[in-house]
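What follows is a set of notes on a single structure, which appears directly below.
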Amino acid sequence: MFRTLVFLLWLCSTQAHAHELRIITSFPPSVSDAYVALWKSQNPETDVLVLNKNTVAAIDEIARGNGRGFDVFMASSPEAFELLSENGSFISAPSCGLESEDAVKPFALSSVGWTRRKESAVFMPGTWNDLLKPLYRGKIAMARPARSGSSHLMVEQLLQIRGWEDGWTYLLSLAGNLSTLTARSFAVPNGLIQGRFDIGLTIDFLAQSKSKQLDFRYGRPIMLTAARVGLLTGGFAQDHACAFLRLVLSEIGQRLLLTPEISRIPISPKVRESADSVPTDVIDALRLEWILYDARLSAHRYWAVNALFDVMITETLAQRKSLWARLDQLRGVADPTQLEEIRSLLTKPVASEVEITTLSEAISSGLRTTRLTGISDEKRNAMDTWRAATAAQLQTVEKQILFLEKNLP
């Protein structure tokens, strides 16, 4: 009797969910609401439930079993889909008649760069290296990569284009110019508009959707990545999910990306070619040999890169900013050779690429664990080692700067 009652309750619940489409996404409501409205215009009888979560939290939610039965996942982070595919989180493509291993499809292109207010008196940087100039001290903001898929994408692009050592040298130099690290990607353009800082590092569509207030510039070389939509195991409305995926990829779904509120670049060449709003920089990048983003590499070391960024930059940001400011004061009055030695130490990562690769192979998953589940001993030990090395490194820099300050000619 009890088993029969449980089965009937489960059956009723399943039937109820079958009339719902559940979407989890890292996109802001301006994007998800538009697709919900398009869906409802064609499927008025279906309820749509949307959960807007940052990429890392969404990965966690899905990887822990998709307990709330989401049918669709949408995000800009290619490594999120790599991680979840390895976790078996997507249904098989034949279920929707797709020719791929799992039901994941790219639907929009993006790249990263920086933005500022249109009326800003601060000079618009022309290159990534311009962002390191002292005139931008305390004027730049970005989101924490451990909380933002698009920010992680930016960090990984710099590491992949410049190489591990030079990439971290750049990021640790950039730390001296940061004003803040925000908790969400969309807090960067919103903070700019509110006047909290002057330059924001971001992904193109977040700035371009506010083009009346913000100017955006792509960082070069442009490395395009594809936002994806994937259908999840554990959902109750697979037929609706398949139909939603087809809608996103349809001509009307692709044209929706071009609306000013979304301002994304369609994956469809036909729709792109007929549009006037696709940036010239992107058209040129597509015509040239496309610099490929290694999403598998990024997924493999996802946790390690985010954790290393937090240890070296997030947790020490105030101290690093102070040290860079003091180093600036010594330029022109202290020995250039000694200053360069200090700068080299201040921009040296505390873990090599080989060490990160070895660690990533040793830990059971690249997924970031939540505070609820805690982190493994291997991850905790790695972070403790990095913290100790970072503290020792910054202490040495502090002593060397203090010595120069006390012995000025």
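Predicted, not measured: the structure shown is a model, and the values here were computed from it.
Between Phe197 and Ala187, the shortest heavy-atom distance links the atoms CZ-O, 4.0 Å. The minimum heavy-atom distance between Leu159 and Arg301, with the atom names listed, is CB-NH2, 3.9 Å. The two atoms that bring Ile267 and Pro106 nearest to each other are CG2-O, 3.7 Å, heavy atoms only. In terms of heavy-atom proximity, Glu378 sits nearest to Ile363 at OE1-CA, 4.0 Å. Considering every non-hydrogen atom in both Gln254 and Leu249, the closest pair reads CG-O, 3.8 Å. Contact between Gly113 and Trp128 at its shortest, heavy atoms only, is CA-CH2, 4.3 Å.
Ion pairing of Arg22 with Asp71 is absent here, as no side-chain N (NZ or NE/NH1/NH2) approaches a carboxylate O to less than 4.0 Å. Using a cut-off of 4.0 Å between Lys/Arg side-chain N and Asp/Glu carboxylate O, Glu79 and Arg296 are scored as not salt-bridged. With salt bridges taken as basic N to acidic carboxylate O contacts below 4.0 Å, none links Arg116 and Asp198. Checked for salt-bridge contact, Asp215 and Arg117 miss the test: no charged N lies under 4.0 Å from a carboxylate O. Look at Asp204 and Arg264 and you find no salt bridge, because none of the NZ, NE, NH1 or NH2 atoms lies under 4.0 Å from a carboxylate O.
The closest donor-acceptor contact from the side chain of Asn66 to the backbone of Phe70 lies under 3.5 Å. Proximity of a side-chain donor or acceptor of Thr202 to a complementary backbone N or O of Ala207 within less than 3.5 Å is not detected. In this structure a side-chain-to-backbone donor-acceptor pair under 3.5 Å is missing from Glu251 to Val271. For Ser360 (side chain) and Thr357 (main-chain N/O), no donor-acceptor pair under 3.5 Å exists by modelled atom type. Between the side chain of Trp114 and the main chain of Ile140, no donor-acceptor pair closer than 3.5 Å is present. For the pair Lys53 (side chain) and Thr25 (backbone), a donor-acceptor distance under 3.5 Å is absent. For the pair Lys40 (side chain) and Thr46 (backbone), a donor-acceptor distance under 3.5 Å is present. Using modelled atom types, no side-chain atom of Thr390 and backbone atom of Arg387 make a donor-acceptor pair closer than 3.5 Å. Of the possible donor and acceptor atoms, none in the side chain of Ser322 sits under 3.5 Å from a partner among the backbone N and O of Ala318. Checked by atom type and distance alone, the side chain of Arg320 pairs as donor or acceptor with a backbone atom of Met312 at under 3.5 Å.
The closest side-chain donor-acceptor pair between Ser274 and Arg255 falls under 3.5 angstrom. No side-chain donor from either of Ser26 and Asn52 sits under 3.5 Å from a side-chain acceptor of the other. For the residue pair Thr180/Arg196, the side-chain donor-acceptor check at 3.5 Å is not satisfied. A donor-acceptor contact closer than 3.5 angstrom links the side chains of Asn87 and Ser89. A donor atom on one side chain and an acceptor atom on the other are found under 3.5 Å apart for Ser148 and Ser185.
The structure places CG of Leu257 at 11.0 Å from CZ of Arg272, a figure rounded to the nearest 0.5 Å. Distance check: Glu61 CD to Arg64 CZ gives 6.0 Å after rounding to the nearest 0.5 Å. With values rounded to the nearest 0.5 angstrom, Leu286 atom CG is found 5.5 Å from Leu224 atom CG. Taking OG from Ser30 and CZ from Phe186, the interatomic distance works out to 9.5 Å, rounded to the nearest 0.5 Å. Interatomic distance, CG of Asp276 versus CG of Leu258, reported as 9.5 Å (0.5 Å rounding). We find the OG1-CG distance between Thr316 and Asp310 to be 10.0 Å, quoted to the nearest 0.5 Å.
The closest side-chain heavy-atom distance from Val305 to Glu156 is below 4.5 Å. Within the 4.5 Å cutoff, side-chain heavy atoms of Leu174 are placed close to those of Leu131. Looking at Leu323 and Leu394, their side chains come closer than 4.5 Å, going by heavy atoms from C-beta outward. A 4.5 Å side-chain heavy-atom check between Arg137 and Asp328 finds at least one atom pair inside the cut-off. No side-chain heavy atom of Met154 sits less than 4.5 Å from a side-chain heavy atom of Pro145. Side-chain atoms of Met74 and Val31, non-hydrogen and from C-beta on, never get closer than 4.5 Å to each other. Counting only heavy atoms from C-beta outward, the side chains of Glu405 and Arg326 approach each other to under 4.5 Å. Between Leu245 and Lys105, some side-chain heavy-atom pair lies under the 4.5 Å cut-off.
Ring geometry, Tyr302 versus His152: the interplanar angle falls from 30° to 60°, so the pair is classed tilted. Aromatic ring pairs are classed by plane angle as parallel below 30°, tilted from 30° to 60° and perpendicular above 60°; the pair Phe81 and Phe90 is parallel.
Counting heavy-atom neighbours within 6.0 Å of Ile252 CD1, excluding the residue itself, gives a total of 12 or less. For Lys348, the NZ atom is loosely surrounded, since the number of other residues' heavy atoms within 6.0 Å does not exceed 12.
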How far apart are the C-alpha atoms of Ile23 and Leu21, what are their side-chain angles, what is the distance that settles it, and do they pass the side chain to side chain contact (heavy atoms under 4.5 Å, CB included) test?
-> CA-CA 7 Å; Ile23 301 170; Leu21 176 65; 4.1 Å; yes

Begin with the C-alpha distance, continue with both residues' side-chain angles, and end with the deciding distance and a verdict on salt bridge (charged side-chain N to carboxylate O under 4.0 Å, His left out) for Arg217 and Asp281.
-> CA-CA 9 Å; Arg217 180 164 292 177; Asp281 288 342; over 6 Å; no

So Gln238 and Leu231, side chain to side chain contact (heavy atoms under 4.5 Å, CB included) or not? Walk me through it.
-> CA-CA 8 Å; Gln238 184 174 308; Leu231 309 188; 5.8 Å; no

Under the side chain to side chain contact (heavy atoms under 4.5 Å, CB included) criterion, do Phe27 and Tyr35 qualify, and how do the steps go?
-> CA-CA 11 Å; Phe27 298 146; Tyr35 275 100; over 6 Å; no

Please walk me through it: do Trp324 and Arg343 pass side chain to side chain contact (heavy atoms under 4.5 Å, CB included)?
-> CA-CA 9 Å; Trp324 277 112; Arg343 190 201 69 81; 3.7 Å; yes

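Figure legend: Arg162 and Tyr170 shown as a cation-pi pair, the cationic atom lying under 6.0 angstrom from the six-membered ring centre and within 45 degrees of its axis. A cation-pi geometry, defined here as NZ or CZ lying under 6.0 Å from the six-membered ring centre and within 45° of its normal, holds between Lys379 and Trp303.
Only one option out of Leu308, Ile313, Asp166 pairs with Leu171 in a side-chain contact (heavy atoms from CB on, under 4.5 Å); it is Ile313.
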